[in-house]
Amino acid sequence: MKKLAYLIGGEPRLIQKSFDQNKIYKELCTQYEVDVYVHSWTQKFKWTDDNAFYRFARTEGYYPPGSTVEKANIKNIVNEYSVYNPKEVVTEEYNEDYTQDDFPFGQYISRAKAYKSATLNGAYDYVWLTRSDIIGEGTLPTFNKNKIVCPETVFEEDRGLFRAEDWYYAGPTDMFKNLLEFADDPLSAIKKLDDNVWLASNIDKIRNTHIWQAILTGADGADVFEGDKIKWKLPNY
């Protein structure tokens, strides 16, 4: 059986609820030998009924005006993730320097750290890079050499961008090696994105999915990414 590292990074959101409903994770465990690696920040954005819609609109910056952030307890985070029986859970204090111009680059850094942990602790055929607060249902994708699978992909001609949502990216382990720079030297890696020609030319249209594409491929990834047929959603708070 092929080995797969299931990598969860970012803020610890809705862990139990997502685990209970995520049929994709459970199906992966029947098809692969799965090890779970978690990296989490203690920082936890406080979503409420009043600002939940802002997750999709984002008309005035990344975070809603007047938003608040709470600090999660490390022991509680580790306990919550125990439902995955993880190989490793690493929780750190969030470095505010990772948020620049209201944009939280920590989400990429965290998943990169989970990737590095997996590469140091085992040899895996594939990785599945994801977050704690998603629910998926549908047919598992087929992993192909030199391809990264992600939610159904679209090239938005009117915006000049190749786009996929950021629920997950998965594929052969070595296709994610660019993440190591974000794990080892996050601030330098963030600065390097400023010099990315593709990002710079589209900076007024960028969403975090495009930053994932730039990190993993250096550009839009149109020749690398393959879309899946999985139905993804975020659970309600």
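Values below: all heavy atoms of this structure, side chains included; hydrogens, waters and symmetry mates excluded.
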Exercise for the section: Verify, without hydrogens or angle tests, whether Asp125 (side chain) and Lys3 (backbone) share a donor-acceptor contact under 3.5 angstrom. Expected result: yes

Practice task
From the options Phe176, Tyr126, Trp232, select the one residue that forms a ring-ring contact (aromatic ring centres under 6.0 Å, His included) with Tyr168.
Solution key: Trp232

Exercise for the section: Would you kindly check if the NZ (Lys) or CZ (Arg) of Lys2 is within the cone defined by 45 degrees around the ring axis of Tyr32 and under 6.0 Å from the six-membered ring centre? Expected result: no

Handout entry: Asn73 side chain to Asn76 backbone, donor-acceptor under 3.5 Å
Key = yes

Exercise for the section: For the residue pair Ile134 and Lys233, establish whether any side-chain heavy-atom pair is separated by less than 4.5 Å. Expected result: no

Exercise for the section: Might you work through the side chain to side chain contact (heavy atoms under 4.5 Å, CB included) test for Ile24 and Ile230, ending with a clear yes or no? Expected result: CA-CA 8 Å; Ile24 290 299; Ile230 300 171; 3.7 Å; yes

Handout entry: Contact summary for Ser40 and Pro12, nearest pair of heavy atoms
Key = OG-CD, 3.4 Å

Handout entry: Close side-chain approach of Thr139 and Lys229, heavy atoms under 4.5 Å
Key = no

Handout entry: Side chains of His39 and Leu7 in contact at under 4.5 Å (non-hydrogen atoms)
Key = no

Handout entry: Linked, directly or transitively: Phe155 and Trp212 (ILVMFWY side chains, under 4.5 Å)
Key = yes

Exercise for the section: Evaluate the side-chain proximity of Val127 to Tyr115: yes if any heavy-atom separation is below 4.5 Å, no if none is. Expected result: yes

Completion exercise
Nearest heavy-atom approach of Asp220 to Gln213 is O-NE2, 3.3 Å

Exercise for the section: Answer yes if the side chains of Asp35 and Tyr6 hold a donor-acceptor pair under 3.5 Å, and no otherwise. Expected result: no

Practice task
Considering non-hydrogen atoms only, spot the tightest contact between Gly218 and Asn196 and give its length.
Solution key: O-ND2, 3.1 Å

Practice task
Identify, with sequence neighbours excluded, every residue that meets ring pair (Phe, Tyr, Trp, His ring centres under 6.0 Å) alongside His210.
Solution key: none

Exercise for the section: Return the set of residues passing side-chain contact (heavy atoms from CB on, under 4.5 Å) with Glu137 (not counting sequence neighbours), or none when no residue passes. Expected result: Lys23

Problem - Under the salt bridge (Lys or Arg N to Asp or Glu O under 4.0 Å) test, residues paired with Glu96 that sit two or more places apart - result: none

Exercise for the section: List the steps, then state whether side chain to side chain contact (heavy atoms under 4.5 Å, CB included) holds for Asn95 with Trp41. Expected result: CA-CA 9 Å; Asn95 183 341; Trp41 304 119; over 6 Å; no

Problem - For Asp185, side chain to side chain donor-acceptor pair (under 3.5 Å) partners two or more places apart - result: Ser188

Can you list, pair by pair, the side-chain donor-acceptor contacts under 3.5 Å of residues 81-90, counting residues two or more places apart and other chains?
residue : atom : partner : partner atom : Å
Ser82   : OG   : Asn79   : O            : 2.5
Glu88   : OE1  : Ser117  : OG           : 2.8

Exercise for the section: Examine distances only and state if a side-chain atom of Asp97 and a backbone atom of Leu187 form a donor-acceptor pair shorter than 3.5 Å. Expected result: no

Exercise for the section: Assess the side chains of Asp20 and Gln16: does a donor N or O sit below 3.5 Å from an acceptor N or O? Expected result: yes

Problem - Residue pair Ala170 / Phe143: nearest heavy atoms and the distance that separates them - result: CB-CE2, 3.6 Å

Practice task
Please report the shortest heavy-atom distance between Pro151 and Trp167, naming the atom on each side.
Solution key: CG-CD1, 3.4 Å

Exercise for the section: Supply the atom-to-atom distance Leu193 CG to Ile215 CD1, rounded to the nearest 0.5 angstrom. Expected result: 5.5 Å

Problem - For Glu33, all residues meeting salt bridge (Lys or Arg N to Asp or Glu O under 4.0 Å), sequence neighbours excluded - result: none

Practice task
Carefully, step by step, assess Met1 and Gln31 under the rule side chain to side chain contact (heavy atoms under 4.5 Å, CB included).
Solution key: CA-CA 8 Å; Met1 185 178 285; Gln31 301 295 321; over 6 Å; no

Exercise for the section: Please report the shortest heavy-atom distance between Ala114 and Ile8, naming the atom on each side. Expected result: CB-O, 4.0 Å

Exercise for the section: Run the ring-centre check on Trp128 versus Tyr25 and record whether the distance is less than 6.0 Å. Expected result: no

